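None of the values given here were measured: they were computed from a predicted structure.
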Amino acid sequence: VTERTPEALPPDVAGLVELERQTAVATEGARVRVAARLGLEGAASAPGAPVGAGGWGSFVAPLTILTIAAAGAAVWLSVRSAGEGARAPERPQPAVKLPVIAPVAPPPPAPAPAVVQEPQAVAARVAGPDGEVSLLAAARKELAAGNPRGALALLRRHERRWPRGELVQEREVMAIQALAASGAAGEVRARADRFLQRFPGSTLSEAVRQARADSAGDAPGP
Amino acid sequence: VYEQQFDYVWQSLRRLGVGAGDVEDAVHDVFIVVQRRLRDYDPARPVRPWLFGIAYRIVSERRRRGSAAEVAADDHEVLAVADGQPSPEARFAAEQARRRVHRALAELPIEQRAVLVMHDLEGHSASEVAEAIGAPLNTVYSRLRLARAKFVTAVRASGEAP
């Protein structure tokens with residue numbers, strides 16, 4: 001492990017690299033903008049927590065139910081990607097070692113410490129403007145900003161782009177919440193009932209029932 | 001994590017060749033993956049190699065999609081000024097150095113660039129590099145040797161013909 005390649009960078013080049021390290025990188029504006037897109041508004045100005053076992057609290061705290069559920073789904077996703085290479089036929093799949101994790105419904109128990117190997121397929125689904133998570137994150141941001149119509153538009157896009165996506169449940173929950181926020185109580189009921197029927201025992205059922213009940217309270221019942 | 005590692009992720013992405021106009025999106029993508037994969041992260045291990053591995057995959061993916069315009073080194077970036085930079089001259093020199101270094105990095109294939117950036121610019125050990133990018137240690141060493149040779153040549157060439 002301590003073995004080093006014999007030659008290092010020659011001094012003239014190393015000096016330049018040293019100078020390069022001194023160039024400041026991101027502006028504060030960029031930091032805040034990205035934090036906002038990630039739903040970490042509070043975190044951007046909060047003092048950083050120490051890195052380590054206790055340090056994750058400040059990061060995890062602001063996450064919403066979507067993100068928490070998505071964390072579980074990510075594991076799920078990587079497992080399913082293993083057997084479903086055919087789902088992304090346009091992308092050459094390099095040999096990637098997948099973590100050996102039992103395909104338990106999200107959220108799974110924390111896996112044992114292991115070498116983190118991220119399957120390319122996961123990055124493909126996340127990265128880019130049409131990635132599953134990117135779309136849902138954008139929708140959540142719209143919802144949080146009080147724009148349920150914008151959120152619903154993004155969720156419809158997710159539905160078209162990822163009809164059999166891995167975050168369908170999360171999408172449905174958010175759609176129900178967005179419908180509730182826009183006062184469409186009837187649609188909330190119908191969609192919530194469809195969800196409960198389609199995903200009995202989902203960890204998100206409680207959120208769906210809650211949204212349904214709240215919405216029913218706002219408007220005359222059936 | 002976000003607050004502490006934002007600059008690291010940003011700089012790593014820039015070094016990997018993400019243009020100034022795309023880097024904000026790329027940072028966002030990296031932290032989205034971080035959020036999703038927190039469960040897989042073992043807090044006993046250093047966080048930066050893990051982050052770099054994610055950044056590397058994001059960059060590779062973006063390149064495959066052709067969504068990230070390649071490089072970057074010559075773009076007219078308005079740099080944030082680091083606190084404690086002693087003088088405008090020093091800042092200018094650092095900025096010149098950044099351009100030369102990034103331009104030289106841009107000439108390397110992404111696999112070699114990632115190894116060089118992580119090992120020589122960021123000071124990670126070869127085994128950390130191997131784990132982060134998911135390559136065998138021997139591969140890391142051979143890529144590093146190739147990358148250094150090309151990098152040194154490119155940096156020196158840029159000095160001769162400014």
Side-chain angles (χ1 to χ4, degrees), chain A residues 1 3-5 7-10 12-13 16-17 19-28 30-31 33-35 37-38 40 43-44 46-48 51-53 55-56 59-60 63 67 70-72 74-75 91 96-97 99 110-111 113-118 120 123-124 126-128 133-134 137, chain B residues 1-4 6-7 10-11 14 23-24 27-29 31-33 35-45 47 50 53-54 57-58 60-62 64-65 67 78-82 85 93-98 100-102 120-121 125-127 131 134 141 144-145 148 151-152 155-156:
Chain A
V1 177
E3 184 197 344
R4 293 268 165 176
T5 41
E7 77 287 7
L9 291 176
D12 57 326
V13 177
L16 275 178
V17 166
L19 278 173
E20 188 265 354
R21 284 202 192 97
Q22 294 172 16
T23 54
V25 282
T27 61
E28 192 56 31
R31 185 193 297 268
R33 275 195 302 278
V34 177
R37 285 170 65 191
L38 288 165
L40 298 173
V51 176
W56 296 100
F59 192 87
V60 174
L63 303 187
T67 318
V75 175
R91 293 177 203 112
V96 182
K97 275 188 221 156
V115 174
V116 174
Q117 296 274 2
E118 175 159 70
Q120 300 281 357
V126 173
V133 170
S134 303
Chain B
V1 177
Y2 177 81
E3 182 66 18
Q4 287 203 331
F6 185 91
D7 283 343
W10 184 285
Q11 185 155 33
R14 293 289 284 125
V23 67
E24 217 170 292
V27 172
H28 173 259
D29 289 345
F31 280 103
I32 287 278
V33 175
Q35 285 184 350
R36 289 162 53 83
R37 299 191 64 87
L38 269 182
R39 283 173 175 280
D40 295 348
Y41 172 72
D42 172 9
R45 308 178 85 96
V47 68
W50 183 65
I54 293 171
R57 286 174 180 82
I58 293 285
S60 303
E61 179 58 32
R62 288 171 74 94
R64 244 205 315 281
R65 293 178 169 218
S67 61
V78 181
L79 281 175
V81 177
Q85 284 285 354
E95 173 57 13
Q96 290 292 102
R98 185 194 70 79
R100 282 179 66 187
V101 167
H102 285 204
D120 283 355
L121 273 65
S125 73
S127 57
E131 184 178 326
Y141 282 124
L144 185 58
R145 265 190 296 273
R148 276 179 180 160
F151 179 67
V152 168
V155 167
R156 287 184 174 154

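Heavy atoms of B/V152 lying under 4.5 Å from chain A belong to its backbone as well as its side chain.
The two residues B/E24 and A/V34 come nearest to each other via the heavy atoms CG-CG2, 3.4 Å. A/V13 and B/R156 make their closest contact through CG2-NE, 4.3 Å (heavy atoms, listed as atom of the first residue, atom of the second, distance). Considering all non-hydrogen atoms of both residues, B/A93 and A/L19 come closest at O-CD1, 4.1 Å.
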Begin from the C-alpha positions of B/Q11 and A/E20 and carry the test side-chain contact (heavy atoms from CB on, under 4.5 Å) through to its verdict. CA-CA 10 Å; B/Q11 185 155 33; A/E20 188 265 354; 3.7 Å; yes
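Residues A/V17 and B/D120 are not in side-chain contact: their nearest non-hydrogen atoms beyond the backbone lie 4.5 Å or more apart.
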